[in-house]
*Asks:* 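Handing you a structure now.
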Amino acid sequence: MIDAWAMQLYLFCSTLYMSDNQKAVAEKLIQADAVRLNLKEPFTWTSGWKSPVYCDNRILLSYPFTRDFIKSELCSMVFQDFPEADALAGVATAGIAWGAMVADQLKLPFAYVRSSPKAHGLGNQLEGRLAPGSKVLVMEDLVSTGKSSLAICSALKDMGYELVGLVSIFNYGFPQPEEAFNAAGIRFQSLTNYEVLIKLAIEKGIVQPGDSAELLNWRSNPEKWNS
């Protein structure tokens, strides 16, 4: 468990590495109410985990100026950090809109990938057409455990495409997905993350400084938190 003093030192040190871009993106998530924080009445994830935080980036699509800002930040990340990518693939369903917008801006081919092949019709898992052997960058809205994102990456590799990495808007910073992405040799980057979000929430008075330790303790063992 992280005590309050250690947490304050941790958050102070983390600000030295918090880029203005990461903070700006986290602020957009908070402004759009895409992120909810509640220690007293935690949320239940699909996995069954109890969580004091819930992120729904699909809400960002409803706000034109916020949507445009996030799209621009994603384009910049793709252009600067993954210049070798010659095609984009969105993760169905939440990554489709973002991937399509970025692909349109950068004039790259786009397709989206289902978690599994369709049980009817042509039985496609990849929807769209990408040139054989394309260097594909996967677009996702957020990464939690990373299992679904890695499954999509694996499916694309099995189809014969070269994976150059995965980009998301937000990630929770769990150690497991980072280790899994590294083991798979897949570069993974996000516009912002959980630590930046919590620091900003404290600055804005949304989260009390005394609650920050508990919020990060949740991330260290989410399966057993609040059980």
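The residues of the chain are indexed from 1 along the displayed sequence. In what follows, every heavy atom counts, from backbone to side chain, and hydrogens, waters and symmetry copies are set aside. This structure is a prediction, so every number in the text was calculated from the model and none was measured.
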*Asks:* Would you say Leu137 ends up clustered with Leu74 if hydrophobic residues are merged whenever their side chains have heavy atoms under 4.5 Å apart, either directly or through other cluster members?
*Replies:* yes

*Asks:* Please report whether the ring centroid of Trp49 lies less than 6.0 Å from that of Phe174.
*Replies:* yes

*Asks:* Please confirm whether Phe110 and Tyr112 have ring centers closer than 6.0 angstrom.
*Replies:* no

*Asks:* Do other residues, nucleotides or ligands put more than 12 heavy atoms under 6.0 Å from Glu41 CD?
*Replies:* no

*Asks:* Say whether, by atom type as modelled, one donor and one acceptor occur between the side chain of Asp141 and the main chain of Ala94 under 3.5 angstrom.
*Replies:* no

*Asks:* If you define the side chain from C-beta out and look only at heavy atoms, does anything of Ile59 sit under 4.5 Å from Asp33?
*Replies:* no

*Asks:* Less than 4.5 Å apart, side chain to side chain, heavy atoms only: is that true for Ile70 and Glu73?
*Replies:* no

*Asks:* Contact between Leu37 and Ile198 at the side-chain level, heavy atoms closer than 4.5 Å - yes or no?
*Replies:* yes

*Asks:* I want to check something: taking the side chain as every heavy atom from C-beta on, are Leu166 and Cys153 in contact at a cut-off of under 4.5 Å?
*Replies:* yes

*Asks:* Would a 4.5 Å heavy-atom cut-off, applied to side chains only, mark Asn21 and Leu191 as touching?
*Replies:* no

*Asks:* Within the supplied structure, the quantity of interest is the number of heavy atoms (other residues, nucleotides, ligands) at a distance under 6.0 Å from Gln176 CD; does it exceed 12?
*Replies:* yes

*Asks:* If you define the side chain from C-beta out and look only at heavy atoms, does anything of Leu60 sit under 4.5 Å from Arg67?
*Replies:* no

*Asks:* Please examine the side chains of Leu61 and Met101, heavy atoms only from C-beta on, and report whether any two atoms are closer than 4.5 Å.
*Replies:* yes

*Asks:* Phe43: what forms a side chain to side chain contact (heavy atoms under 4.5 Å, CB included) with it, not counting sequence neighbours?
*Replies:* Arg36, Asn38, Tyr54

*Asks:* State plainly whether the residues Lys23 and Asp20 are in salt-bridge range, i.e. N to O under 4.0 Å.
*Replies:* no

*Asks:* Without swapping roles, check the side chain of Gln125 against the backbone of Arg114 for a donor-acceptor pair under 3.5 Å.
*Replies:* yes

*Asks:* More than 12 foreign heavy atoms under 6.0 Å from NZ of Lys157: is that the case here?
*Replies:* yes

*Asks:* Please name the pair of heavy atoms, one in Lys71 and one in Val102, separated by the smallest distance, quoted to 0.1 Å.
*Replies:* O-CG2, 4.2 Å

*Asks:* Is there a side-chain contact between Leu200 and Thr192 (heavy atoms, below 4.5 Å)?
*Replies:* no

*Asks:* Can you tell me how the ring of Phe188 sits relative to the ring of Phe181, calling it parallel under 30°, perpendicular over 60° and tilted otherwise?
*Replies:* parallel

*Asks:* For Tyr63, I'd like to know if atom OH has over 12 heavy atoms of other residues, nucleotides or ligands within 6.0 Å.
*Replies:* no

